[in-house]
Amino acid sequence: MSAVTTTEAAVTVAPAKGTPQVRRRRRLSPGRRLPAARLAGPVLLLALWAAASAAGQLDPAAIPAPWTVVRTGAHLWTDGTLPTDILTSLQRAATGFAIGLVAGVVLALASGLSRAGETLIDGTVSLNRAIPTLGLIPLFILWLGIGETFKVAIIAIVVYIPIYLNTHAALSGIDHRFVELAEVQGLSRFAFVRQIVVPGALPGFFVGLRLGVTGSWLGLVVLEQINATSGLGYMMFQAQNYGQSDVILVGLVVYGVFGLVSDSAVRLVERKVLSWRRTLSS
């Protein structure tokens with residue numbers, strides 16, 4: 001009885017002759033996003049560093065062990081040196097980033113929404129991009145002095161260029177059919193910017209924002225070694241003079257943490273703001 005039932009079930013399930021078999025769809029997307037997946041790379045690098053240090057494969061004078069760097073960082077924190085330097089660096093980076101952000105967005109809008117603005121702005125920004133920003137340091141010192149002003153100005157330039165380029169490219173890539181539809185619907189200038197321009201420019205803006213955040217930290221580490229009396233870059237420069245590689249690594253770790261955290265914050269905001277998009281990463 002069991003054999004007969006099994007046979008009948010098999011006959012029932014089997015496709016009829018000539019019926020096309022349904023092929024299983026191949027999954028091509030990357031799959032579900034894993035929580036805290038971006039930390040896997042840094043954790044693996046830290047584990048390799050610790051393992052190599054424990055095995056004696058690294059020269060302690062050149063690359064101290066992770067636990068040595070942690071002890072040095074704790075000592076610098078307790079004596080008040082590290083908190084002061086971190087606060088100074090954050091203030092410089094935040095001020096320069098804010099100025100560069102506003103400048104990049106305003107210039108991109110003026111250039112992307114107006115032919116006259118594009119004529120006056122786009123070529124000038126392209127020329128500025130072709131000049132190495134750090135090469136402007138001697139000239140800015142002559143113009144603005146050797147204090148804090150020139151440092152903030154250089155950071156602002158480093159930030160505004162990628163924000164402008166990516167936002168302007170996103171504006172230029174908006175489908176012209178949306179513009180024609182807005183004209184047919186009789187949208188005002190403000191409504192056109194709010195409903196067409198902003199949603200179309202946001203993906204490029206966030207790409208530029210991530211590059212700008214990273215650029216502010218990259219510029220800061222160089223600028224804080226020029227006539228500075230505080231800051232992470234100044235701390236690392238002083239450590240270089242005394243051969244303190246552990247202090248240098250403390251500064252690099254702090255820069256890396258700030259860069260990773262700020263980039264992750266921008267990515268989180270991007271996912272929230274652009275949650276309506278169906279993309280490969282989502």
Side-chain angles (χ1 to χ4, degrees), residues 25 27-33 38 93-131 133 136 152-217 219 259 261-282:
R25 186 175 62 178
R27 189 178 182 88
L28 300 177
S29 65
R32 182 176 299 178
R33 185 185 301 273
R38 300 187 69 216
T95 304
F97 177 79
I99 296 173
L101 173 62
V102 173
V105 172
V106 170
L107 291 176
L109 290 175
S111 178
L113 300 179
S114 169
R115 293 300 182 191
E118 183 178 19
T119 302
L120 295 174
I121 296 172
D122 193 59
T124 305
V125 176
S126 298
L127 177 63
N128 191 2
R129 181 185 60 160
I131 300 174
T133 304
L136 297 173
V152 172
I154 293 294
I155 293 174
I157 293 176
V158 172
V159 170
Y160 101 88
I161 290 178
I163 292 179
Y164 169 85
L165 292 176
N166 287 277
T167 305
H168 181 267
L171 287 171
S172 302
I174 294 177
D175 197 324
H176 194 269
R177 288 174 294 182
F178 293 122
V179 182
E180 295 175 346
L181 179 61
E183 293 173 348
V184 171
Q185 295 294 323
L187 294 182
S188 64
R189 189 71 171 179
F190 176 77
F192 169 70
V193 171
R194 181 172 59 87
Q195 300 180 20
I196 304 296
V197 173
V198 172
L202 278 177
F205 165 74
F206 277 110
V207 173
L209 189 63
R210 292 180 59 193
L211 294 174
V213 168
T214 305
S216 65
W217 294 112
V261 170
S262 56
D263 182 72
S264 299
V266 173
R267 289 167 65 97
L268 178 61
V269 174
E270 179 183 10
R271 285 200 297 270
K272 297 295 183 181
V273 174
L274 302 180
S275 59
W276 48 270
R277 290 198 312 165
R278 301 295 297 174
T279 61
L280 191 65
S281 62
S282 61

Exercise. Work out which heavy atom in D263 is nearest to a heavy atom in R210; give both atom names and the distance.
Key: OD1-NE, 2.9 Å
Quiz item: Looking at T167 and A201, what are the two nearest heavy atoms and their distance?
Solution: CG2-CB, 4.4 Å
Quiz item: Of all heavy-atom pairs between L202 and V273, which one has the smallest distance, and what is that distance?
Solution: CD1-CG1, 3.8 Å
Practice problem: For the pair R115 and E118, find out whether any cationic side-chain nitrogen is under 4.0 Å from an anionic carboxylate oxygen. | Solution: yes
Quiz item: Out of curiosity, W217 CH2 to F97 CZ, how far, rounded to the nearest 0.5 Å?
Solution: 10.5 Å
Practice problem: Please step through side chain to side chain contact (heavy atoms under 4.5 Å, CB included) for the pair L171 and F205, ending with a clear verdict. | Solution: CA-CA 9 Å; L171 287 171; F205 165 74; over 6 Å; no
Quiz prompt | Which atom of V193 lies closest to which atom of P199, heavy atoms considered | solution = O-CD, 4.4 Å
Quiz prompt | Spatial distance of atom OG (S114) from atom CG (L120) [nearest 0.5 Å] | solution = 8.0 Å
Quiz item: Got a second to check how far H168's NE2 is from N166's CG, nearest 0.5 Å?
Solution: 11.5 Å
Self-check item: V213 versus S262, closest heavy-atom pair with distance
Solution: CG1-OG, 3.0 Å
Exercise. Could you grab the distance from atom CD1 of I154 to atom OG of S216, nearest 0.5 Å is fine?
Key: 13.5 Å
Quiz prompt | Residue pair P162 / L211: nearest heavy atoms and the distance that separates them | solution = CB-CB, 3.7 Å
Quiz prompt | Qualifying residue for side chain to side chain contact (heavy atoms under 4.5 Å, CB included) with L209, from T214, V269, V266 | solution = V266
Practice problem: Please lay out, stage by stage, how D122 and Y164 fare under the test side chain to side chain contact (heavy atoms under 4.5 Å, CB included). | Solution: CA-CA 9 Å; D122 193 59; Y164 169 85; 2.8 Å; yes
Practice problem: First locate atom CD of Q195, then atom CG of L187, and finally report the distance between them rounded to the nearest 0.5 Å. | Solution: 5.5 Å
Quiz item: Can you tell which of V106, L165, N128 makes a side chain to side chain contact (heavy atoms under 4.5 Å, CB included) with Y160?
Solution: N128
Quiz item: In Å, rounded to the nearest 0.5 Å, how long is the span from CD1 of I196 to CG of D175?
Solution: 10.0 Å
Quiz prompt | Within 6.0 Å of CZ in F178, more than 12 heavy atoms from elsewhere | solution = no
